[in-house]
Amino acid sequence: MIFYASLCWIITYQIGNCLKKHISISHFTEQKKMLTLIVIFVVLCVSLFIFNFSSSEQLGYPTYLTFINCFLFLSYFSLTIVLIYYIVNSVKREAIEKQKLTEFKNLQEYTTKLEDLYQQIRSFKHDYINILATLDCYIEQRDFDSLDEYFHNKILPTGKQFSKDTASLGRLANIQGLELKSLLYQKFMRASSLHLQLDIDIPSPISSSGSMEPVDLSRLMGIFLDNAIEAASETEDKYLFCGLLQNDDGMIICLTNSCIKNDIPIEKLYENGFTTKNSGYGIGLFNAKKILNKYPDVIHHTKCKDNHFTQEIQIPRC
């Protein structure tokens with residue numbers, strides 16, 4: 001039994017390494033009960049097979065019956081593998097469809113915001129003469145106190161919000177990939193809702209994700225931006241910078257956020273379970289490291305200096 005247990009462990013370990021390259025455990029993060037049941041079912045199946053095969057002689061089974069039992073267990077185990085493969089593919093497809101649905105909703109929200117911005121432009125154009133007329137009325141009456149109050153309370157706030165929305169959405173127009181565009185829009189709107197000082201720099205069109213798959217790049221950016229937004233929201237400066245640049249060599253991404261601590265242990269940030277937060281599981285950056293490990297040609301630098309945390313990613317062309 002020890003021999004068969006050791007043999008099964010070696011075989012399943014090798015199979016597990018092969019499956020890790022094709023199956024992401026992240027697809028089961030929201031279905032932990034299903035994953036637990038699958039693991040228990042497989043372990044019981046293997047245990048019964050080992051027990052039956054190794055104990056057949058002691059139980060007095062004839063040789064032919066032993067082979068029949070082995071054949072039945074192997075058939076049952078093969079059927080189980082096929083069933084698990086089907087379940088894994090179903091969960092994977094469901095996760096992909098869910099991600100596509102999220103991206104579609106983000107894109108709808110982005111389109112709605114553009115339409116709202118267009119209506120603001122039309123409204124501003126329509127009211128331009130009326131605004132000038134109201135200002136002229138205050139000037140003619142020399143009522144500069146009322147003019148100052150009207151300008152700062154009515155006109156200036158609208159202009160600031162209008163300029164802010166125009167700048168953010170205008171820069172996102174340079175990103176051609178819908179996955180990355182919808183993700184950035186969602187994160188930037190969240191940063192704006194937390195009153196962060198958002199600085200976006202996308203000077204030229206971003207036409208591809210280079211050597212990285214678009215889904216992996218979106219996942220990576222989502223993890224980094226979630227951490228950056230959360231860290232920046234806890235500081236007094238509330239600063240967040242996001243820059244994307246594409247050139248002949250590939251794409252460069254830079255994220256900088258204000259942070260409270262300067263002594264962040266960079267070498268431990270990407271370990272499983274490590275976190276600098278008061279609560280949480282610390283798996284976000286560990287998952288980011290796993291994504292980066294799939295692309296050895298991608299260069300990733302992290303530094304923390306003067307209460308600013310910076311992540312830089314260099315992605316070569318395909």
Side-chain angles (χ1 to χ4, degrees), residues 12-32 35 38-39 84-85 87-103 106 175-184 186-187 206-229 242-256 265-275 280-303 309-318:
T12 52
Y13 180 79
Q14 296 300 327
I15 294 176
N17 287 335
C18 295
L19 291 177
K20 284 180 181 179
K21 298 178 181 179
H22 303 283
I23 301 174
S24 176
I25 198 68
S26 60
H27 294 136
F28 293 92
T29 52
E30 297 181 0
Q31 303 187 28
K32 293 181 179 179
L35 180 61
I38 290 174
V39 172
I84 291 175
Y85 179 79
I87 293 174
V88 168
N89 281 342
S90 299
V91 173
K92 189 175 182 179
R93 283 196 301 269
E94 183 181 346
I96 293 174
E97 290 298 325
K98 186 176 180 181
Q99 182 179 1
K100 287 182 178 180
L101 181 61
T102 301
E103 292 173 357
N106 290 337
I175 300 178
Q176 298 178 8
L178 295 181
E179 301 96 338
L180 186 59
K181 178 184 288 189
S182 62
L183 174 86
L184 292 179
Q186 181 188 32
K187 300 305 179 184
I206 307 295
S207 58
S208 71
S209 58
S211 62
M212 289 189 71
E213 291 292 332
V215 173
D216 285 336
L217 178 59
S218 298
R219 288 178 58 203
L220 188 67
M221 289 293 292
I223 293 171
F224 284 162
L225 281 170
D226 283 339
N227 282 275
I229 291 171
C242 179
L244 289 88
L245 176 66
Q246 191 169 53
N247 52 31
D248 295 335
D249 298 327
M251 181 166 59
I252 300 175
I253 302 173
C254 183
L255 295 174
T256 300
I266 304 296
E267 67 282 355
K268 292 185 178 181
L269 275 179
Y270 300 93
E271 295 179 0
N272 189 15
F274 180 82
T275 178
Y281 300 102
I283 61 174
L285 291 177
F286 175 71
N287 289 335
K289 189 65 175 178
K290 289 200 297 184
I291 296 173
L292 288 169
N293 287 338
K294 294 168 58 178
Y295 303 94
D297 56 343
V298 173
I299 301 174
H300 174 231
H301 295 293
T302 304
K303 65 178 180 180
F309 188 82
T310 301
Q311 305 251 35
E312 185 175 308
I313 310 167
Q314 299 179 22
I315 307 173
R317 284 188 176 274
C318 295

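When reading the values below, keep in mind they use all heavy atoms of this one structure, side chains included, and skip hydrogens, waters and symmetry mates. The residues of the chain are indexed from 1 along the displayed sequence.
Atom CD of Glu213 and atom OG of Ser218 lie 11.0 Å apart (nearest 0.5 Å). To the nearest 0.5 angstrom, Ile299 atom CD1 is 11.0 Å from Ile315 atom CD1.
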Notebook entry, point to check: Going through the distances and angles, do Val298 and Met212 end up as a side-chain contact (heavy atoms from CB on, under 4.5 Å)?
Noted result: CA-CA 8 Å; Val298 173; Met212 289 189 71; 3.9 Å; yes
Next item on the list: Dump the intermediate steps for side-chain contact (heavy atoms from CB on, under 4.5 Å) on Asn287 and Leu220, then the final yes or no.
Entry: CA-CA 8 Å; Asn287 289 335; Leu220 188 67; over 6 Å; no
Next item on the list: Go through Leu255 and Phe309 one step at a time and tell me if the side-chain contact (heavy atoms from CB on, under 4.5 Å) criterion holds.
Entry: CA-CA 8 Å; Leu255 295 174; Phe309 188 82; over 6 Å; no
Next item on the list: Walk me through it: do Ile313 and Leu217 pass the test side-chain contact (heavy atoms from CB on, under 4.5 Å)?
Entry: CA-CA 10 Å; Ile313 310 167; Leu217 178 59; 5.8 Å; no
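Under the 6.0 Å cut-off for aromatic ring centres, Tyr295 and His300 do not qualify, their centroids lying 6.0 Å or more apart.
With Asn293 contributing its side chain and Lys289 its backbone, the two residues share a donor-acceptor pair below 3.5 Å.
Within the 4.5 Å cutoff, no side-chain heavy atoms of Ser209 are placed close to those of Leu180. Contact check for Asp216 versus Lys294: side-chain heavy atoms found under the 4.5 Å cut-off.
Minimum interatomic distance between Met221 and Leu183 (heavy atoms only, all atoms of both residues): CB-CD2, 3.7 Å.
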Enumerate, atom names and distances included, each donor-acceptor pair closer than 3.5 Å involving a side-chain atom of residues 244-254, sequence neighbours excluded.
residue : atom : partner : partner atom : Å
Gln246  : OE1  : Ser207  : N            : 2.9
Gln246  : OE1  : Ser207  : OG           : 3.1
Gln246  : NE2  : Ser208  : O            : 3.3
Gln246  : NE2  : Ser208  : OG           : 3.3
Asn247  : OD1  : Asp249  : N            : 3.0
Asn247  : OD1  : Gly250  : N            : 3.1

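The side chain to side chain donor-acceptor pair (under 3.5 Å) search around Lys303 returns none, not counting sequence neighbours. With sequence neighbours excluded, the residues that form a side chain to side chain donor-acceptor pair (under 3.5 Å) with Glu312 are Gln314. Taking Asp226 as the reference, Lys187, Arg190 meet the salt bridge (Lys or Arg N to Asp or Glu O under 4.0 Å) condition, with sequence neighbours excluded. By the side chain to side chain donor-acceptor pair (under 3.5 Å) test, Thr256 pairs with Thr310, sequence neighbours left out.
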